[in-house]
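In what follows, chains are A, B, ... by sequence order, proteins preceding strands, each numbered from 1. No hydrogens, no waters, no symmetry mates; every other heavy atom, side chains included, goes into these values. In this text, all values refer to a predicted model and were calculated from it rather than measured experimentally.
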Amino acid sequence: MTGIVQREFPELLSSRTKEEKKSLPDLPDVGNGGVVMRMAPSPSGPLHIGHARMAILNDEYLRRYGGKLILRIEDTNPSNIEPDAYQMIQDDLRWLGVNFTEVVIQSKRFELYYSEMRKLIEEGKAYVSTSPTEEFKSRKQQGLPVREREETPEENLERWERMLSGGYEKGEVYAVVKTDLNHPNPAIRDFIAFRIIDTPHPLEGDRYRIYPMMNFSVAIDDHFLGLTHVIRGKDHIANTEKQKYIFGYRGWKQPYYLHYGKVSIENTILKTTFIKKGIRNGDFTGWDDPRLGTLAAFRKRGFDPLAIRRYYVESGIGSVDTTFSWEIFYSFNRKIIDSRSPRHFFVSQPVSLKFDFEGTLNADIPLFPQASGNAEKGSRRYKVGKGSIMISSQDYAKLNGELVRLKDLGYFKVESSRIEYLGESINEDVQKWNPNRPLGKVPIIHWLSGNEVPFRVVKPDGTVDSGFVENDALNYIGMVHQFERYGYVNVLNEREGYFTHP
RNA sequence: GCUCCGGUGGUGUAGACCGGCCAAGCAUAUGGGGCUCUCAAUCCCACGACCCGGGUCCAAAUCCCGGCCGGAGCACCA
C-alpha cells in the first residue's frame with residue numbers, strides 16, 4: 001500500500017515529510033522578550049566538538065525566540081587557565097556561526113560574589129569553617145554538621161571578614177553554603193562556595209585570593225544575568241540541585257533547566273591538558289592538529305560549520321548518552337561541500353608507466369561535474385604525449401594486463417611497465433584487448449602525465465599520503481577539493497593538504 | 001557502596017511527559033537500479049529495531065514492579 005502511494009503519488013509523501021522536518025522541541029515559558037541564555041565554558045583551551053553541542057543548542061533557541069545569549073567565561077580556577085583561550089573561544093564560536101550577544105568574565109565579578117556570600121552568612125544560610133576537610137566530608141556522609149555550621153551568623157561573619165582580609169593560609173579555611181544535611185544524595189549536602197588560591201590569575205594577578213567555586217558563582221550569575229533557560233550537560237544535574245538552594249534562600253525565580261546527555265567522541269583527542277602537553281613537546285603541530293577534536297582542527301580539515309549544526313540539531317536535546325557518529329557527520333558535510341569542491345586528480349604512491357606514443361592526446365577535464373550546477377566554471381586542459389603516465393599503485397595492482405579507461409583521455413592497456421593507447425572510443429583494438437568484459441564495466445581511473453607537482457595529504461590519524469597532484473589544483477589553494485576516487489582534501493598550500501573525509 | 005538518569009534497526013535519532021492514528025518515522029550504512037567518462041553528488045527500490053521477565057488495561061515502545069546493561073554525581077575542577 002505505501003509502496004503504491006510512493007510510486008503513484010510521491011508528492012503526497014514528500015510534502016508531508018517537509019512539514020515535519022526535524023527541529024528541536026519548544027522551550028516552556030518563553031515570554032515576549034524571548035529567552036536569555038548562556039554558554040559557560042572554562043578558558044582552559046579552545047572549544048572542541050563536544051562543546052559545540054552546547055553552543056549550537058543555545059544558538060538554535062536564540063534564533064527561534066530572540067533575546068540574549070551570553071558567553072560567560074568561567075575563569076575561577078587560575079591553575080587551569082590558558083590565557084589564549086579567552087580569544088580562541090570567541091573565534092571558535094564565530095566560526096560556528098553562534099551569535100553571542102555579550103561576553104561576561106567571571107573574574108571581573110568577584111566583588112558581587114563576595115557581597116552575595118555575605119548576605120547568605122548574615123541570614124544563617126552559609127558558614128565559614130576551619131575544620132579539616134576530611135572531617136567536613138566524613139560528617140557530611142553521616143548527615144552531621146561541623147562545629148561552625150552551628151555557630152551564629154556573627155561568628156561566621158567574623159571569620160568571613162578575616163578570610164577576605166588575608167587572616168588565613170591556603171587550605172586552612174573554606175566557606176560553605178548550607179543545603180540539607182539529610183539530603184538522600186550525599187552529593188547534594190552542604191557545598192563549598194569559596195576557598196583560598198594563591199596561584200596568580202592570568203587576568204587579575206594576585207588581586208584576589210578568595211575564589212568562588214563554580215556552584216556559587218554560577219548560581220549568582222545565572223540570577224543577576226537574568227537567565228530564563230539554562231541548557232547544560234547532564235553531568236551538571238547534581239550541581240543544578242545545589243544551585244537551587246541559593247535561589248531558594250534569596251527568593252529568586254529559577255531559570256528553566258534542561259540537561260542533555262553526554263556525547264562521547266571515539267578515536268578523537270579532546271582532553272585539553274593532554275593536548276597542551278603534546279603541543280609543548282612537539283607531538284602535535286598545534287591546537288589544529290588533524291588528530292584533535294578541536295574546532296580549530298575541524299576548520300583546518302575543511303569541515304563546514306553548518307554540518308556541525310545539522311548534526312547536533314538532529315541529535316536533539318535528549319538526556320540519553322550518545323556516541324558521535326563520524327559516519328553521519330561526514331555524510332552531512334559531504335552534501336554541503338560536494339557541489340563547490342573542484343575536482344582534481346591526486347595519485348598517491350604513484351607507479352610511472354612508460355608511454356610510447358607518436359602524437360598528442362588532448363584532455364579536457366571538467367572542474368565540476370555537470371550535476372553540481374557549476375559545470376560552466378570550466379575545465380583543466382592537458383596535452384599528453386610520449387613520455388610517461390602515472391597511476392596509483394593501488395590501481396596498478398588490479399589493472400596490470402587489463403583494459404582501462406583513463407578518465408577523460410581514452411582507452412588504454414596496461415602491460416607490466418608500459419601503457420598503450422588504444423583509442424578514444426570503442427574500436428577494434430579495444431574490443432580485441434577486452435574480449436569478455438562488458439565494455440560498460442571497464443574501470444575508469446585517474447592519472448597524471450607531465451602536469452603534476454609533488455603533494456602530500458595529512459590524514460586524521462596523523463599519517464601522510466605522498467604523491468602528486470595536478471598543477472591546476474594549486475590555483476585553488478584554501479579550498480576543499482575532491483581528489484577524484486580518493487576523497488575530499490582541504491588544500492592548505494602548494495605542497496600540502498588536510499584530508500577532510502572520504 | 002550511596003544518589004540520580006537512561007536503554008528503539010549495524011550506526012545516529014523521532015515517538016514515551018498526556019497508552020490507541022506506531023505491524024514504529026527520519027538519517028546514515030549496506031545491497032540493487034537510474035543519471036554520470038570519479039568509488040562523489042543526486043534520484044528510486046530493498047534491507048533491518050522497541051534490553052529481559054512479570055503486571056495494569058479492551059489496548060503498552062509509551063504506565064507500574066523486578067532483573068540485566070550503560071552513564072553521571074558523591075573535589076578547596078568546571
With rounding to the closest Å, how many angstrom separate the P atoms on B/A60 and B/C17? 15 Å

Describe the nucleic acid contact of A/S341 in one word from base, sugar-phosphate, nothing, applying a heavy-atom distance below 4.0 Å. nothing

Which one, B/U11, B/A41, B/A27, comes nearest to the side chain of A/A371? B/A41

Ignoring hydrogens and geometry beyond distance, is a side-chain donor-acceptor pair present between A/Y488 and A/N333 at under 3.5 Å? no

Charged N-O contact under 4.0 Å between A/D304 and A/R334: no

Roughly how many Å apart are B/G12 and B/U56, using the P atom of each and rounding to a whole number? 35 Å

Could you check A/S325 against A/P502 and say which one's nearest nucleotide on RNA chain B is further toward the 5' end? A/S325

P atom, B/C64 versus B/C57: distance in rounded Å? 16 Å

How far does the C1' atom of B/G31 sit from the matching atom of B/G6, given to the nearest Å? 34 Å

Should B/C17 form a Watson-Crick or G-U wobble pair with both distances under 3.5 Å, which nucleotide is its partner? none

Here the distance between atom P of B/C5 and atom CD1 of A/I188, to the nearest Å, is 12 Å

Have a look at A/S315 and say if it touches a base, only the backbone sugar-phosphate, or nothing, with a 4.0 Å heavy-atom cut-off. sugar-phosphate

With a 4.0 Å cut-off on heavy atoms, is A/R334 in touch with a base, just the backbone sugar-phosphate, or nothing at all? sugar-phosphate

For A/Y486 together with A/H446, are the ring centres under 6.0 Å from each other? no

Sticking with atom C1', work out how far B/A14 lies from B/U8, rounded to a whole angstrom. 10 Å

Which base, if any, makes a Watson-Crick or G-U wobble pair with B/C47, both distances under 3.5 Å? none

Spacing between A/Y382 atom OH and B/C37 atom P, to the nearest angstrom: 19 Å

Can you tell me the base-pairing partner of B/U42? Count Watson-Crick or G-U wobble geometry only, both distances below 3.5 Å, and say none if there is no partner. B/G34

Ionic contact status for A/D190 with A/K140, cut-off 4.0 Å: no

Stepwise, does the salt bridge (Lys or Arg N to Asp or Glu O under 4.0 Å) test hold for A/K137 with A/E134? CA-CA 5 Å; A/K137 277 189 244 179; A/E134 299 74 47; 6.0 Å; no

Distance check, C1' atoms only: B/G66 and B/U30, in whole angstrom units. 39 Å

Roughly, in whole Å, what's the span from CZ in A/F332 to C1' in B/U11? 12 Å

Could you measure between the two C1' atoms, the one in B/C2 and the one in B/A49, and give it in whole Å? 35 Å

Between B/G12 and A/T323, is there an OP1 or OP2 to side-chain N/O distance shorter than 4.0 Å? yes

Could you encode protein contacts along nucleotides 71-78 of chain B as a string, one character per nucleotide from 5' to 3', using B for base contact, S for sugar-phosphate-only contact and - for no contact, with a heavy-atom cut-off of under 4.0 Å? SSBSSBSB

Opposite nucleotide pairing with B/G53, Watson-Crick or G-U, both atom distances under 3.5 Å: B/C65

Nearest-Å distance, CZ (A/F329) to P (B/A29)? 14 Å

Does A/Y311 have its ring centroid less than 6.0 Å away from the ring centroid of A/F324? yes

B/C63 versus B/A16 - spacing of their C1' atoms, nearest Å: 10 Å

Once you apply a heavy-atom cut-off of 4.0 Å, does A/P184 come out as touching a base, just sugar-phosphate, or nothing? sugar-phosphate

Sort out the partner of B/C22 for me: Watson-Crick or G-U wobble, both distances under 3.5 Å, none otherwise. none

Just call it for A/Y211: base, sugar-phosphate, or nothing, with non-hydrogen atoms closer than 4.0 Å on any strand. nothing

A/E470/A/K407 ion pair, N-O < 4.0 Å: no

Any strand is fair game: report the nucleotide pairing with B/U11 by Watson-Crick or G-U wobble, both distances under 3.5 Å, or none. B/A27

Base paired to B/G70 (Watson-Crick or G-U; both N/O distances under 3.5 angstrom): B/C5

Any salt bridge linking A/D222 with A/R72? Criterion: basic side-chain nitrogen under 4.0 Å from a carboxylate oxygen. yes

Go through the structure and list residues passing salt bridge (Lys or Arg N to Asp or Glu O under 4.0 Å) with A/R405, not counting sequence neighbours. A/E424

